[in-house]
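Report on the structure given below.
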Amino acid sequence: MNKNIIVIVILLGLVGWGIYDTSKKNNERQASLATSEQAMEGIDDSSLIIGINQGNIAPDFELNSLDGKIFKLSDFRGQKVIVNMWATWCPPCRAEMPDMQKFYEKYADENTTVIAINMTTSEKSVDRISVFLDEFGITFPILLDKQNKIAEIYQVHALPTSYIIDSQGVIQQKVTGPMNYEMMEKLVKEIR
């Protein structure tokens, strides 16, 4: 009899926890959507938070490209941007690069760009990056995260990881794992 009561209490506790957890996630999702909708309605950037969540202003960064040019994310304001974190040794990164190049070529004239940030601290050699880019014919900006700062700021735990950023600099989506051309096109067409 006591065992049955204990089992029932445990089950009720688990059901209660499940309801609490689900409602908490729904509230967080609604708050995130509200922030995103505010961004879409053109609310002043000063009311938005800098962060890595949907609806936040993407943290700015400054990195060098392979040829030594300096790039800042904020230089791309006014454009829709896919910021992609990748490495040459990463099979899913290799899989998505041809589609990313195709996407970049098609939408370059439509205020849309791709910025790929190489997780340079994970590479055996920087020379591998040039070989990789030549192999895939990559022409979009490739930046080097030589001190793992961007990976830390953007909390990159798996490669590839991409952030879809609207023309106001607001994060609209985070994608962990490879994207194909159709997915890139859909995600970018949904934002302003």
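Numbering of residues begins at 1 and proceeds along the displayed sequence. Side chains included, hydrogens not; waters and symmetry mates left out as well; all remaining heavy atoms used.
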With a 4.5 Å limit on heavy-atom distance, are the side chains of [X] and [Y] in contact?
| X | Y | result |
| --- | --- | --- |
| F103 | V114 | yes |
| I142 | F132 | no |
| I165 | F76 | no |
| V188 | Y107 | no |
| E182 | K186 | no |
| I171 | I164 | no |

Checking [X] now: which residues fulfil side-chain contact (heavy atoms from CB on, under 4.5 Å) with it, not counting sequence neighbours?
| X | answer |
| --- | --- |
| D60 | K72, L73, S74 |
| L66 | V126, I129, S130, L133, L144 |
| Q155 | I52, H157 |
| D67 | S65, K69 |

- Message: Test of understanding: with side chain to side chain donor-acceptor pair (under 3.5 Å), list the residues that count as partners of T120, not counting sequence neighbours.
- Response: N118
So how far is it from [X] [atom1] to [Y] [atom2], rounded to the nearest 0.5 Å?
| X | Y | atom1 | atom2 | value |
| --- | --- | --- | --- | --- |
| D75 | T113 | CG | OG1 | 11.5 Å |
| I115 | M100 | CD1 | CE | 11.5 Å |
| E62 | I150 | CD | CD1 | 10.0 Å |
| L63 | I70 | CG | CD1 | 10.0 Å |

- Message: Please enumerate all residues that pass salt bridge (Lys or Arg N to Asp or Glu O under 4.0 Å) together with K189, with sequence neighbours excluded.
- Response: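 Not a single residue meets the salt bridge (Lys or Arg N to Asp or Glu O under 4.0 Å) criterion with K189.
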- Who pairs with K174 by salt bridge (Lys or Arg N to Asp or Glu O under 4.0 Å), at least two apart in sequence or on another chain?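 If we apply the salt bridge (Lys or Arg N to Asp or Glu O under 4.0 Å) test to K174, skipping adjacent residues, there are no hits.
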- For Y154, the ring-ring contact (aromatic ring centres under 6.0 Å, His included) test, sequence neighbours excluded, returns Y163
- Task: For F71, enumerate each residue passing the ring-ring contact (aromatic ring centres under 6.0 Å, His included) test, keeping only those at least two apart in sequence or located in another chain.
- Result: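 With sequence neighbours excluded, F71 shows a ring-ring contact (aromatic ring centres under 6.0 Å, His included) to no residue whatsoever.
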- Could you note down all residue pairs passing salt bridge (charged side-chain N to carboxylate O under 4.0 Å, His left out) where residues 102-117 supplies at least one of them, sequence neighbours left out?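 Qualifying pairs: K106-E185.
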- Applied to residues 141-161, the salt bridge (charged side-chain N to carboxylate O under 4.0 Å, His left out) test, sequence neighbours excluded, yields none
- Please step through side chain to side chain contact (heavy atoms under 4.5 Å, CB included) for the pair N56 and I50, ending with a clear verdict. CA-CA 5 Å; N56 292 157; I50 295 174; over 6 Å; no
Can any side-chain N or O of [X] pair as donor or acceptor with the backbone N or O of [Y] at less than 3.5 Å?
| X | Y | result |
| --- | --- | --- |
| D134 | V131 | no |
| N180 | M183 | yes |
| K80 | I191 | yes |

- Task: For the pair I82 and Y104, evaluate side chain to side chain contact (heavy atoms under 4.5 Å, CB included) and give the outcome as yes or no after the intermediate values.
- Result: CA-CA 9 Å; I82 296 176; Y104 174 73; over 6 Å; no
- Message: Just by distance, no angles: are the side chains of T139 and Q101 close enough, under 3.5 Å, to form a donor-acceptor pair?
- Response: yes
- Would you say the side chains of Q172 and D166 form a donor-acceptor pair under 3.5 Å?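 Indeed, the side chains of Q172 and D166 share at least one donor-acceptor pair under 3.5 Å.
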- Message: To check you understand the geometry: which heavy-atom pair defines the closest contact between L187 and Q173, and what is its length?
- Response: CD2-NE2, 3.6 Å
Which donor-acceptor pairs under 3.5 Å do side chains of residues 83-99 form with protein atoms, sequence neighbours excluded?
from, atom 1, to, atom 2, distance (Å)
N84, ND2, E96, OE2, 2.7
N84, ND2, S162, OG, 2.8
T88, OG1, E123, OE1, 2.4
T88, OG1, E123, OE2, 3.2
W89, NE1, S122, O, 3.3
W89, NE1, S122, OG, 3.0
R94, NH2, E135, OE1, 3.2
R94, NH2, E135, OE2, 2.7
E96, OE1, M179, N, 2.8
D99, OD2, Y181, N, 3.1

